[in-house]
Amino acid sequence: MQLISDIRLREAVDRWAFEEQLADVPQVISAVRMTGEYDFQLRVACADAREFETVVDRLKAELGVREVRSRLVLHEVALDPGRAVEP
């Protein structure tokens, strides 16, 4: 199962350190820095809900995450990568 998780860091957490530490969490398969209410959006791949719960606990205990809002990915929609508009 894959999930999209919006992440809000604690105030004192260095975002550069957070980004580096994500490499040590194998279930996190991609991450982007965001503007707005949340700091990052992670794509997480887990075998089941129990593994995902372990990942969330680790993000909070070790990486300085304050809040996680997640959604389950049902399926991806294939789009032509050539459709991007050039500036």
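Index from 1, following the sequence.
Counting only heavy atoms from C-beta outward, the side chains of Asp39 and Ile7 never approach each other to under 4.5 Å. When side chains are defined from C-beta on, Gln41 does not count as touching Arg33, because their heavy atoms never get closer than 4.5 Å. Considering only heavy atoms from C-beta on, Glu20 stays 4.5 Å or farther from Leu22 through its side chain. Residues Ile4 and Val73 are in side-chain contact: their nearest non-hydrogen atoms beyond the backbone lie under 4.5 Å apart. Two residues are said to be in side-chain contact when any heavy atoms from C-beta on lie closer than 4.5 Å; Phe40 and Ser5 fail this criterion. A 4.5 Å side-chain heavy-atom check between Leu63 and Leu9 finds every atom pair outside the cut-off. Side-chain contact check for Thr54 versus Val56: every heavy-atom pair is 4.5 Å or farther apart.
By the criterion of side-chain heavy atoms lying less than 4.5 angstrom apart, applied directly or through intervening Ile, Leu, Val, Met, Phe, Trp or Tyr residues, Val55 is not grouped with Tyr38; the two fall into different hydrophobic clusters. A continuous path of hydrophobic side-chain contacts links Val25 to Met1 [ILVMFWY only; heavy atoms under 4.5 Å].
We find that Arg43 and Glu76 are joined by a salt bridge, their nearest charged nitrogen and carboxylate oxygen being less than 4.0 Å apart.
With a 6.0 Å radius and a threshold of 12 heavy atoms from other residues, nucleotides or ligands, Glu51 has its CD atom above the threshold. The environment of Arg50 atom CZ is sparse: at most 12 non-hydrogen atoms of other residues, nucleotides or ligands sit within 6.0 angstrom.
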Between Glu37 and Asp6, does the side chain to side chain contact (heavy atoms under 4.5 Å, CB included) criterion hold? Intermediate values first, please. CA-CA 9 Å; Glu37 189 176 346; Asp6 296 324; over 6 Å; no

Please evaluate residues Glu62 and Gln21 with respect to the criterion side chain to side chain donor-acceptor pair (under 3.5 Å), reporting the C-alpha separation (whole Å), side-chain torsions for both, the decisive distance (0.1 Å), and the verdict. CA-CA 9 Å; Glu62 298 176 18; Gln21 291 173 314; over 6 Å; no

Check the pair Lys60 / Val68 against side chain to side chain contact (heavy atoms under 4.5 Å, CB included), numbers first and verdict last. CA-CA 9 Å; Lys60 289 181 175 182; Val68 179; 4.2 Å; yes

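Each of Val32, Leu59, Leu3 was compared with Leu42 under the side chain to side chain contact (heavy atoms under 4.5 Å, CB included) criterion, and only Leu59 meets it. Considering Leu72, Ile29, Leu74 as possible partners of Gln2, the one that fulfils the side chain to side chain contact (heavy atoms under 4.5 Å, CB included) test is Ile29.
Taking all atoms of both residues into account, the shortest heavy-atom contact from Asp14 to Ala17 is OD1-N, 2.8 Å.
A distance of 12.0 Å separates CD in Glu67 from CZ in Arg10, rounded to the nearest 0.5 Å.
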